[in-house]
Amino acid sequence: MRVVSGIQPTGNLHLGNYLGAIRNWVRMQDELEDGQECFFFLADLHAISMPHDPAELKSGTLEMAAALVACGIDPARSTLFNQAQVPAHAELQWLLNGTARMGWLNRMTQFKDKSGKNREGASAALFTYPVLQAADVLLYQATHVPVGEDQKQHLELARDIAAKFNHDFAPHDADGNEAPVFTLPEPINPPQAARIMSLRDGSKKMSKSDVSEMSRIELVDDADTVMKKVKKAKTDPEPLPSELGGLADRPEALNLVTIYAALADTTPEGVLADFGGEGFGKFKPALGELMVETLKPISGRLNDLLDDREALDAILARGAARAREAAAPTLSAAYEALGLLRP
Ligand code: TYM
């Protein structure tokens with residue numbers, strides 16, 4: 001088992017990242033057995049696909065590394081690094097660009113969402129972004145990739161690229177059996193890994209790129225800010241139903257119930273069993289308190305880590321050295337399979 005996943009270091013970690021992805025990273029790390037490994041990285045190379053400020057990218061990368069450690073990623077047990085320190089990611093992306101098809105990339109919904117009405121003005125990096133993401137996981141022979149719902153399409157593409165590359169270029173042994181260059185990775189999205197929506201609009205995912213800060217809870221938010229954001233979260237005047245079916249046309253209410261369930265490690269049905277018939281005047285303060293309780297220890301650790309820049313640099317340097325070592329055999333095999341001469 002090889003677990004690999006990444007996060008873009010733009011903006012602060014929010015509750016959607018935490019409940020949809022990072023908490024599962026920590027759980028997978030904590031359940032590792034001998035011989036199994038986890039690789040978690042800051043996708044700083046992906047971050048340059050959108051307009052960005054270099055100074056903010058640099059500080060954001062360090063802050064995100066600190067946030068992951070504060071959430072429970074242990075650099076002694078998991079390999080934690082940023083892509084830019086491991087050139088094999090960019091190299092393998094170029095090699096895979098020969099295999100990825102334009103038609104496949106044209107179907108990626110994230111490119112459509114992020115380029116919006118300005119497709120012609122979008123960067124080429126935004127278009128080929130999923131090929132870099134494929135390189136990120138294929139480089140380490142990842143078997144399991146914990147991601148939120150929104151990244152599943154990119155993972156499917158990584159599997160398609162791996163399968164086509166193996167089919168077109170993998171060497172064969174003496175008996176004629178294919179010796180695959182890449183492992184096909186499985187996306188992992190456990191049922192308790194909720195898809196968390198914006199607090200202002202239940203049809204949009206909670207996102208660091210949303211202009212409204214009121215739309216998301218950030219892990220660095222203090223207790224007052226959390227309570228304010230929850231109390232101002234968009235809802236409707238109806239009380240909560242006792243059955244999940246009663247939330248079918250109420251996306252904002254469903255989102256708050258989903259968040260509560262994820263924080264309390266129960267199901268939305270379990271939350272409705274407790275709060276069915278109650279109005280938001282009672283539910284929101286309970287939800288806010290649960291959030292504050294969850295975030296308090298994380299933000300405490302985060303602030304301590306941010307005070308020690310040298311320690312953070314050292315964590316990333318150590319992780320990158322291990323990642324470079326782990327990536328080397330697969331990168332060589334890919335060059336070799338393609339017939340590219342190397343020393
Ligand atoms: P990113 O940085 O947008 O998000 C990091 C992780 O958080 C999940 N996530 C959510 N889950 C539930 N609800 C939400 N509102 C929410 N918002 C974000 C994402 O699904 C993701 O798992 N392209 C990726 C980063 C990446 C990557 C990779 C991931 C680069 N290479 C290789 C896996 C494997 C991204 O932009 O995620």
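Each ligand, and each atom within it, is numbered from 1 in the order the structure gives. Computed from a predicted model, the values in this text were never measured in an experiment. Residue indices begin at 1 and follow the sequence shown.
Among the atoms of Y129, some N or O lies under 3.5 angstrom from an N or O of ligand 1. In terms of polar-atom proximity, E149 is not counted as a contact of ligand 1, lacking any N or O under 3.5 Å from an N or O of the ligand. For ligand 1, none of its N or O atoms has an N or O atom of Q110 under 3.5 Å away. Polar contact check, M206 against ligand 1: a nitrogen or oxygen pair lies under 3.5 Å apart. In terms of polar-atom proximity, defined here as any N/O pair under 3.5 Å, F41 makes no such contact with ligand 1. Ligand 1 has no nitrogen or oxygen under 3.5 angstrom from a nitrogen or oxygen of A43. The N/O atoms of P146, backbone and side chain alike, include none that comes under 3.5 Å of an N/O atom in ligand 1.
The ligand atoms of ligand 1 that sit less than 4.0 angstrom from a heavy atom of V137 are 32 (C), 34 (C). Atoms of ligand 1 found under 4.0 Å from any heavy atom of H14 (numbered from 1 in listed order, with element): 17 (N). For ligand 1, the atoms lying closer than 4.0 Å to a non-hydrogen atom of Q8 are 2 (O), 36 (O). Against a heavy-atom cut-off of under 4.0 Å, G20 is close to the following atoms of ligand 1: 11 (N), 12 (C).
No donor-acceptor pair under 3.5 Å is formed between the side chain of T225 and the backbone N or O of D221. Side-chain atoms of N189 come within 3.5 Å of backbone atoms of V147 as a donor-acceptor pair (strictly under, hydrogens ignored). N166 places a side-chain N or O within 3.5 Å of a backbone atom of F182 that can act as its donor or acceptor partner.
In this structure, R2 fails the cation-pi test against Y140, since its NZ or CZ atom is not both closer than 6.0 Å to the six-membered ring centre and inside 45 degrees of the ring normal.
The line from CD1 of I22 to OG of S5 is 7.0 Å long, rounded to the nearest 0.5 Å. Separation of atoms CG (N303) and CZ (R301) is listed at 11.5 Å; rounding is to 0.5 Å.
Residue contact check for ligand 1: K208 places a non-hydrogen atom closer than 4.0 Å to it. Residue contacts with ligand 1: S5 is included, with a non-hydrogen atom under 4.0 Å away.
Of the candidates Q151, H89, H46, K114, it is Q151 that places a heavy atom closest to atom 3 (O) of ligand 1.
The aromatic rings of Y260 and F275 stand perpendicular to each other, their planes meeting at an angle above 60°, with 30° marking the opposite boundary.
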- Message: One pair to check against side chain to side chain donor-acceptor pair (under 3.5 Å): Q133 and H154. What are the steps and the verdict?
- Response: CA-CA 7 Å; Q133 186 155 344; H154 288 160; 3.2 Å; yes
- Query: Yes or no on ring-ring contact (aromatic ring centres under 6.0 Å, His included) for F111 and Y129, after CA distance, side-chain angles and deciding distance?
  - Reply: CA-CA 8 Å; F111 176 74; Y129 177 117; 9.8 Å; no
- Task: Let me see the working for L263 and L287 under side chain to side chain contact (heavy atoms under 4.5 Å, CB included), right down to the final yes or no.
- Result: CA-CA 9 Å; L263 289 168; L287 174 61; 4.2 Å; yes
- Item | Test side chain to side chain contact (heavy atoms under 4.5 Å, CB included) applied to E156 and K152, step by step | CA-CA 6 Å; E156 290 299 326; K152 269 195 164 161; 5.5 Å; no
- Message: Using the rule given for side chain to side chain contact (heavy atoms under 4.5 Å, CB included), can you reason through R27 versus D30, listing the C-alpha separation, both sets of side-chain angles and the distance that settles it, and then say yes or no?
- Response: CA-CA 5 Å; R27 288 180 178 173; D30 291 349; 5.7 Å; no
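For atom 13 (N) of ligand 1, the nearest non-hydrogen atom of the protein is I196 N, 3.0 Å. Closest to atom 5 (C) of ligand 1 among all protein heavy atoms lies I7 CG1, 3.5 Å. Among all protein heavy atoms, the one lying closest to atom 31 (N) of ligand 1 is D136 OD2, 2.6 Å. Among all non-hydrogen protein atoms, the one lying nearest atom 27 (C) of ligand 1 is Q133 NE2, 3.5 Å. Shortest contact from atom 19 (C) of ligand 1 to any protein heavy atom: D150 OD1, 3.4 Å. Scanning the protein for heavy atoms near atom 9 (N) of ligand 1, the closest one is N17 ND2, 3.8 Å. Given atom 8 (C) of ligand 1, the protein heavy atom at minimum distance is A21 CB, 4.0 Å. What sits closest to atom 22 (O) of ligand 1 on the protein, heavy atoms only, is G148 N, 3.1 Å.
Inspection of the T143 and E186 side chains reveals no N or O donor paired with an N or O acceptor under 3.5 Å. Side-chain atoms of S203 and D201 form a donor-acceptor pair, as typed in the model, at a separation below 3.5 Å.
The part of V145 lying near ligand 1 is the side chain, judged by heavy-atom distances below 4.0 Å.
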